[in-house]
Amino acid sequence: MKKIAPSILSADLARLADEVKDVIQAGADWIHVDVMDGHFVPNITIGPVVIKALKKVVSIPLDVHLMIENADLYLDAFIEAGADILTVQAEACTHLHRTVHAIKDKGIKAGVALNPATPLESLAYILPDLDLVMIMTVNPGFGGQEFIPAMLPKIERLKGSIAKQKLNCEIEVDGGIKVANIGEVARRGGDIFVAGSGIFGARDRKETITKMRREIGA
Ligand code: DX5
Ligand code: ZN
């Protein structure tokens with residue numbers, strides 16, 4: 001089933017609980033949490049303590065996107081804090097196979113994110129083990145960046161290889177998703193759509209999510 005995951009990076013963080021409740025009421029399927037360490041990406045955001053606090057007020061899955069180095073050191077902390085899905089960046093994990101299985105062994109879903117310049121081929125030997133692949137459609141680090149259209153054929157090719165191998169792996173698309181482009185991204189093969197500024201920055205969030213759903217046929 002297609003899903004919409006608002007990214008709290010664009011929420012009013014001083015009112016985080018209310019902001020999250022607002023998008024859940026507006027129809028969000030997952031809450032996307034962007035964790036940045038100031039090393040892998042040039043920005044610093046939030047960590048397990050905030051996720052633990054969020055977990056108390058959020059009834060839907062917490063989709064945690066780790067844009068950090070040394071992810072292995074922090075997996076347990078994020079899982080204990082309440083992450084339902086943990087996605088690591090391929091570029092930041094030297095022993096990606098070990099990291100993915102460390103997540104799965106804890107009984108939650110594991111994803112791998114690919115930066116725009118990282119080829120799909122880097123996942124060839126791990127794809128069957130993944131619950132999701134996250135195609136980055138911006139260079140990670142900040143909300144509100146422009147969608148990179150050259151990622152559309154990448155999504156399409158990934159969809160093809162998942163279908164060919166009959167895998168149970170979803171495609172999440174993250175960066176620059178708006179009402180105007182979400183339909184095209186869905187047609188190319190996207191299953192889960194992250195939107196930060198496109199939802200939290202909208203005048204009417206409920207109307208925006210409803211329009212997005214219509215565009216993706218969900
Ligand atoms: C990018 C983050 C995204 C970002 C999406 O570094 O991983 O999740 O918050 O924000 P928008 O939708 O504004 O591009
Ligand atoms: Zn993200």
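Just so you know, ligand 1 is whichever comes first in the structure, and atom 1 is the first atom listed for that ligand. These numbers come from a predicted model, not from an experiment.
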Hphob cluster co-occupancy, L132 + M1, side-chain heavy atoms under 4.5 angstrom: no
What protein N/O/S atoms are there under 2.8 Å from the Zn ion (ligand 2), waters excluded? H32 NE2, D34 OD1, H65 ND1, D174 OD2
Sidechain N-carboxylate O distance under 4.0 Å for R213, D29: yes
Apply salt bridge (charged side-chain N to carboxylate O under 4.0 Å, His left out) to K2 and E170, showing your working. CA-CA 9 Å; K2 306 240 186 223; E170 292 184 292; over 6 Å; no
Could you pull out every protein residue that has a heavy atom closer than 4.0 Å to ligand 1, ordered by chain and then number? S7, L9, H32, D34, M36, H65, M67, M136, P140, G141, F142, G143, G144, D174, G175, G176, V194, A195, G196, S197
Taking the basic N atoms (NZ, or NE/NH1/NH2) and the acidic carboxylate oxygens, is any pair closer than 4.0 Å for K159 and E156? no
Should V112 and I79 be regarded as members of a common hydrophobic cluster, given that ILVMFWY residues are connected when their side-chain heavy atoms come within less than 4.5 Å of each other, either directly or indirectly? yes
Could you give me the CA-CA distance, side-chain angles and deciding distance for K106 and D76, then say whether salt bridge (charged side-chain N to carboxylate O under 4.0 Å, His left out) is met? CA-CA 8 Å; K106 296 280 179 172; D76 286 351; 3.3 Å; yes
Side chains of H65 and E172 only: does a donor on one sit below 3.5 Å from an acceptor on the other? no
Treating E19 as the side-chain partner and L13 as the backbone partner, does any N or O pair qualify as donor plus acceptor under 3.5 Å? no
Is the closest basic N to carboxylate O distance between K211 and E207 below 4.0 Å? yes
